[in-house]
Amino acid sequence: MTLKELEKAAEQGDAQAQYELGRCYDAGDKVPKDNAIAAQWYAKAAEQGHTIAQFNLGCCYDYGEGVEQDYTKAMKWYTKAAEQGHTKAQFNLGCCYDYGKGVIQNYTEAVKWYTKAAEQGHTIAQFNLGCCYNCGEGVEQDYIKAIKWYTKAAENGDDSAQYNLGNFYYTGEHIEQNYTEAVKWYTKAAENGFYLSQFRLGMCYYNGEGVEQDYTKAVEWFTEAAKQGYAEAQFNLALCYSVGWGVKKDDTLAVKWYTKAAEQGNATAQYNLAVCYDNGFGVSKDYAMAAQWYKKSAEQGYAKAQVNLGNCYCDGEGVEQNYTEAVKWYTKAAEQGNADAQNNLGHCYHNGYGIEQNFIEAIKWFTKAAEQGHTKAQQNLDTCYVYIHIPDEI
């Protein structure tokens with residue numbers, strides 16, 4: 001049908017012609033692209049019950065293309081198309097209820113429409129439905145059904161579903177543990193660039209789970225995920241360069257990746273980066289930078305960083321000497337069971353550094369460290385018993 005014939009049929013009220021003319025303006029096919037005119041023709045066809053026109057008009061209102069954005073009107077037209085069995089409309093309607101766009105949020109209704117679309121093979125609807133069953137949103141929590149829908153979406157190539165399915169097989173929760181199956185699904189998503197799966201696949205190669213242990217392949221997948229900015233992958237990659245696992249040892253590259261992970265708030269990376277500055281591994285020694293990164297990690301509760309930050313304050317390295325601050329950080333680490341911190345805190349109590357001298361407290365902390373096999377604490381404890389009269393009960 002020529003454009004002139006299409007226009008004539010549309011003007012005479014032919015719904016299919018109105019839809020086709022709207023599509024032409026929508027795509028710039030045979031006519032200059034014009035979203036406003038496209039929406040007008042979609043509306044005429046939609047009002048006559050044309051399913052695809054109703055869906056397309058819903059999209060126009062949803063994204064503000066050719067009309068003023070209006071989620072309520074988008075919802076209206078999605079509903080009309082969905083009730084006629086339009087798969088994408090059913091999915092979009094499910095999203096409207098899921099996120100409260102143009103309607104009061106209603107997870108039960110979201111599940112209803114996701115199910116209709118999923119049963120027609122809509123991949124993302126299958127994934128979303130899996131998530132609903134997994135979390136118990138809008139439906140009673142049911143991991144078996146979650147796995148069922150994740151599997152369908154995964155088989156259709158959805159990388160998030162492949163990742164989630166891989167996790168189920170990896171952990172063995174609600175399904176028989178199978179590392180080989182986990183690797184299978186992680187690999188599919190990883191090869192499509194899904195960074196979480198790239199990281200998990202790297203871990204499988206690193207630990208030899210579901211595949212033969214291969215540090216080189218682990219590094220390859222950590223690198224792919226790290227390039228996408230995933231902090232845990234950046235940290236693991238840095239560790240590989242630091243130790244020389246699967247790659248030539250390179251402290252400079254280790255510092256590079258520790259820094260990237262540290263800047264995203266990874267506490268362990270912050271600690272390891274501080275150690276590099278503290279000792280000049282892959283970077284010039286810089287006690288101030290070391291103290292700065294120890295502090296960032298310590299503030300997140302990382303015990304090793306807390307004890308090292310305490311050491312910085314105790315020795316005045318990278319910060320102004322401050323025994324009170326040293327005691328503060330030793331205490332935090334000691335209360336987490338860190339033997340070095342317990343010994344150092346005992347030393348502060350023993351000598352009155354940053355806190356009132358208290359031999360009983362000193363022995364308490366020396367004992368805690370000594371019970372963990374801390375040699376220096378054991379020696380300090382022996383010294384206390386030799387030179388200080390200790391009551392039978394403390």
Side-chain angles (χ1 to χ4, degrees), residues 190 193 195-208 213-322 325-326 329-330 332-333 336 338-341 343-344 376:
Y195 71 95
L196 291 173
S197 280
Q198 291 171 336
F199 171 71
R200 290 304 314 169
L201 186 57
M203 290 301 299
C204 288
Y205 277 110
Y206 185 85
N207 295 312
Q213 189 175 51
D214 189 327
Y215 290 135
T216 301
K217 287 188 177 179
V219 167
E220 289 176 4
W221 287 112
F222 287 153
T223 301
E224 292 300 316
K227 286 178 179 177
Q228 294 194 62
Y230 189 50
E232 287 189 59
Q234 293 170 338
F235 168 74
N236 281 17
L237 184 57
L239 191 62
C240 289
Y241 277 113
S242 179
V243 180
W245 286 333
V247 70
K248 184 178 179 181
K249 178 178 167 62
D250 190 323
D251 287 332
T252 302
L253 284 176
V255 167
K256 168 189 171 180
W257 290 109
Y258 279 143
T259 301
K260 289 182 181 292
E263 288 173 346
Q264 291 195 70
N266 185 290
T268 313
Q270 292 169 339
Y271 168 76
N272 284 14
L273 182 58
V275 170
C276 290
Y277 278 110
D278 212 350
N279 295 279
F281 297 150
V283 68
S284 299
K285 272 191 179 183
D286 188 327
Y287 294 132
M289 286 294 290
Q292 175 184 313
W293 286 111
Y294 281 142
K295 187 172 184 180
K296 288 181 182 293
S297 180
E299 287 172 343
Q300 294 193 69
Y302 195 67
K304 288 184 178 180
Q306 291 171 338
V307 68
N308 281 19
L309 182 59
N311 291 341
C312 291
Y313 279 111
C314 191
D315 301 331
E317 288 189 339
V319 292
E320 185 176 346
Q321 190 176 52
N322 187 325
E325 278 294 301
W329 290 108
Y330 286 151
K332 289 181 181 291
Q336 292 192 66
N338 184 285
D340 287 330
N343 176 66
N344 290 0
K376 190 65 181 291

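Each residue takes its place number in the sequence, starting with 1. Fair warning: this is a prediction, and the values are worked out from it, not measured in the lab.
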Any donor-acceptor pair under 3.5 Å linking the side chain of [X] with the backbone of [Y]?
| X | Y | answer |
| --- | --- | --- |
| Asp278 | Ala274 | no |
| Gln270 | Ala262 | yes |
| Lys249 | Tyr241 | no |
| Gln306 | Ala298 | yes |
| Gln228 | Gly193 | yes |
| Gln321 | Tyr313 | no |

So how far is it from [X] [atom1] to [Y] [atom2], rounded to the nearest 0.5 Å?
| X | Y | atom1 | atom2 | value |
| --- | --- | --- | --- | --- |
| Leu196 | Leu201 | CG | CG | 12.5 Å |
| Gln264 | Glu232 | CD | CD | 10.5 Å |
| Leu237 | Glu224 | CG | CD | 10.5 Å |
| Leu273 | Tyr294 | CG | OH | 10.0 Å |
| Asn338 | Asn343 | CG | CG | 10.0 Å |
| Thr259 | Met289 | OG1 | CE | 7.5 Å |

Side chains of [X] and [Y] in contact at under 4.5 Å (non-hydrogen atoms):
| X | Y | value |
| --- | --- | --- |
| Val283 | Tyr277 | yes |
| Gln292 | Lys295 | no |
| Phe222 | Trp257 | no |
| Cys276 | Trp293 | no |

Inset, instruction - Classify the side-chain pair Asp340/Tyr330 by whether it contains a donor and acceptor separated by less than 3.5 Å. - result: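 Not at all, the side chains of Asp340 and Tyr330 share no donor-acceptor pair under 3.5 Å.
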Nearest heavy-atom neighbours spanning [X] and [Y]:
| X | Y | result |
| --- | --- | --- |
| Ala233 | Ala226 | CB-N, 3.7 Å |
| Thr268 | Tyr302 | CG2-OH, 3.6 Å |
| Ala254 | Ser242 | CB-N, 3.8 Å |

Legend entry - Sole candidate of Trp221, Tyr230, Tyr205 that passes ring pair (Phe, Tyr, Trp, His ring centres under 6.0 Å) when paired with Phe199: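 Result: among Trp221, Tyr230, Tyr205, Tyr230 is the only option passing the ring pair (Phe, Tyr, Trp, His ring centres under 6.0 Å) with Phe199.
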Legend entry - Set of residues satisfying side chain to side chain contact (heavy atoms under 4.5 Å, CB included) with respect to Ala291, sequence neighbours excluded: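 Partners of Ala291 by the side chain to side chain contact (heavy atoms under 4.5 Å, CB included) criterion, ordered by chain and then number, come out as Cys312, Val319.
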